[in-house]
2 protein chains.
Amino acid sequence: MTKIPLPGTPVRGSKSGSPIMALLDLLGRRWAMGVLWTLCDGGVATFRQLQERCETISPSVLNARLKELRAAGLVDHNGKGYVATDLGQELYTHLEPMGDWAKKWALTLKD
Amino acid sequence: MTKIPLPGTPVRGSKSGSPIMALLDLLGRRWAMGVLWTLCDGGVATFRQLQERCETISPSVLNARLKELRAAGLVDHNGKGYVATDLGQELYTHLEPMGDWAKKWALTLKD
DNA sequence: TAAAACCGCTACGGCTATCATAGCAATATT
DNA sequence: AATATTGCTATGATAGCCGTAGCGGTTTTA
């Protein structure tokens with residue numbers, strides 16, 4: 001079982017666990033942002049639906065990321081499936097503009 | 001040598017390499033956002049200065065991330081040291097608000 | 001009521017990424 | 001000529017990730 005990075009506990013880049021470093025540690029794991037993105041972008045989803053939406057994620061990693069995101073209060077599981085919490089949605093509003101930025105980025109790289 | 005995720009090439013979560021998935025793959029690597037953050041937040045830095053600022057990053061990983069970020073056009077090296085490009089700075093403007101958000105997040109988790 | 005499908009996972013073995021530490025060749029400084 | 005600084009690279013250990021298979025439980029279908 002992996003250690004879950006939370007503010008106030010030692011994380012990568014900050015022994016005291018500064019909030020931003022804890023966040024970057026949390027999100028800087030394979031599929032962490034992808035799962036949050038997929039969940040916010042597509043709405044409620046069961047474990048297996050999430051798996052499908054992510055196309056190539058393995059269940060063990062999906063499970064690990066979900067545990068972390070839940071512990072961080074970004075994702076929750078109501079009886080029906082996994083959902084982003086208000087906190088998670090709020091973080092997503094910062095993530096979302098990166099979608100448009102990425103398109104521009106793709107064009108820039110063509111030259 | 002690791003494959004560098006760029007839009008248009010197969011990446012995690014998208015075989016066609018959709019821009020956002022390429023970006024999430026690029027940034028979803030250990031220290032990727034941390035390096036960009038540290039560089040933008042603290043200004044130009046030599047390899048070793050970056051290493052110090054990141055506190056616990058190993059030179060091999062720093063080197064790997066720098067290669068990727070340079071290939072992605074987010075970071076560059078002028079004779080003096082490493083710098084974020086205009087593109088990199090622009091992406092950072094989307095990253096930066098997460099700093100404040102993270103502080104709020106830290107408070108929320110205390111309850 | 002029995003079969004089929006779906007639920008959230010977990011186990012496994014193999015590969016890749018990351019880690020900390022040491023050190024090297026080249027240039028700049030003293 | 002010696003020292004310090006530059007950007008890395010080598011190494012060997014550990015942790016993370018991958019794909020596949022499948023389990024025990026609930027819900028839906030025939």
Side-chain angles (χ1 to χ4, degrees), chain A residues 1-5 9-15 21-22 24-36 38-39 42-72 75-84, chain B residues 1-5 9-15 21-22 24-36 38-39 42-72 75-84:
Chain A
M1 196 102 59
T2 309
K3 199 179 149 294
I4 298 178
T9 74
V11 297
R12 259 174 249 272
S14 166
K15 288 163 192 171
M21 283 303 160
L24 294 186
D25 191 354
L26 181 76
L27 298 183
R29 299 183 174 202
R30 218 119 280 170
W31 277 110
M33 287 186 290
V35 166
L36 184 62
T38 304
L39 201 53
V44 194
T46 67
F47 188 94
R48 287 174 192 237
Q49 285 170 335
L50 257 181
Q51 220 180 141
E52 282 167 21
R53 285 194 205 159
C54 291
E55 293 187 23
T56 60
I57 196 174
S58 73
S60 35
V61 171
L62 176 56
N63 188 37
R65 291 302 91 85
L66 283 173
K67 270 184 188 162
E68 292 159 8
L69 293 173
R70 289 170 86 172
V75 163
D76 200 10
H77 189 276
N78 60 24
K80 304 287 182 180
Y82 286 97
V83 217
Chain B
M1 196 106 56
T2 309
K3 199 181 149 292
I4 299 178
T9 72
V11 297
R12 260 175 250 272
S14 166
K15 288 163 192 170
M21 284 301 159
L24 293 185
D25 192 354
L26 181 77
L27 297 183
R29 300 183 173 202
R30 214 120 284 167
W31 278 109
M33 287 185 292
V35 166
L36 184 61
T38 303
L39 202 52
V44 194
T46 66
F47 189 92
R48 286 173 191 238
Q49 285 171 335
L50 257 182
Q51 222 180 140
E52 282 167 22
R53 286 194 204 158
C54 291
E55 294 188 22
T56 62
I57 195 173
S58 72
S60 37
V61 170
L62 176 56
N63 189 37
R65 289 303 93 85
L66 283 173
K67 269 184 190 164
E68 292 158 10
L69 292 173
R70 289 170 85 171
V75 163
D76 200 11
H77 189 277
N78 61 23
K80 304 289 181 180
Y82 287 96
V83 215

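Reminder, nothing fancy here: chain letters follow the sequence lines and each chain counts from 1.
Residues meeting the side chain to side chain contact (heavy atoms under 4.5 Å, CB included) test with A/Ser60, sequence neighbours left out: A/Ser58. With sequence neighbours left out, A/Glu55 forms a side chain to side chain contact (heavy atoms under 4.5 Å, CB included) with no residue at all. Scored by the salt bridge (Lys or Arg N to Asp or Glu O under 4.0 Å) test, B/Arg12 finds B/Asp25 as partners (sequence neighbours excluded). Scanning for side chain to side chain contact (heavy atoms under 4.5 Å, CB included) contacts around B/Ala45 gives B/Leu39, B/Gln49, B/Leu50, B/Arg53, with sequence neighbours left out. Under the side chain to side chain contact (heavy atoms under 4.5 Å, CB included) criterion, B/Ala22 pairs with A/Trp105, B/Pro7, B/Val11, not counting sequence neighbours. Not a single side-chain hydrogen bond (donor to acceptor under 3.5 Å, both in side chains) links A/Arg48 to another residue, sequence neighbours left out. Shown here are the side-chain hydrogen bond (donor to acceptor under 3.5 Å, both in side chains) partners of B/Glu68, two or more places apart in sequence or in another chain: B/Arg29, B/Arg65.
Within residues 44-52 of chain A, the residues approached by DNA chain C to less than 4.0 Å at the level of any non-hydrogen atom are A/Thr46, A/Phe47, A/Arg48, in residue-number order.
In this structure, B/Leu62 atom CG and D/dC8 atom C1' are separated by 10 Å, rounded to whole Å. Counting to the nearest Å, the P atom of C/dG8 and the CZ atom of A/Arg70 are 10 Å from each other.
Between B/Tyr82 and D/dC8, a side-chain N or O to OP1/OP2 separation shorter than 4.0 Å is present. Side-chain N/O atoms of A/Asn63 include none lying less than 4.0 angstrom from OP1 or OP2 on C/dG8. Between A/Lys67 and C/dT10 there is a side-chain polar atom (N or O) within less than 4.0 angstrom of OP1 or OP2.
Ring geometry, B/Tyr82 versus B/His77: the interplanar angle exceeds 60°, so the pair is classed perpendicular (tilted spans 30 to 60°).
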Below 3.5 Å between N/O atoms, which protein atoms pair up with nucleotides 18-20 of chain C? Just atom names and distances, please.
| unit_1 | atom_1 | unit_2 | atom_2 | d |
| --- | --- | --- | --- | --- |
| C/dT18 | OP1 | B/Arg30 | N | 3.4 |
| C/dT18 | OP1 | B/Arg65 | NH1 | 3.4 |
| C/dT18 | OP2 | B/Arg65 | NH1 | 3.3 |
| C/dT18 | OP2 | B/Arg65 | NH2 | 2.8 |
| C/dC19 | OP1 | A/Arg12 | NH1 | 2.7 |
| C/dA20 | OP2 | B/Thr56 | O | 3.1 |

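The side chain of B/His77 lies closest to D/dG7, out of D/dT9, C/dC9, D/dG7.
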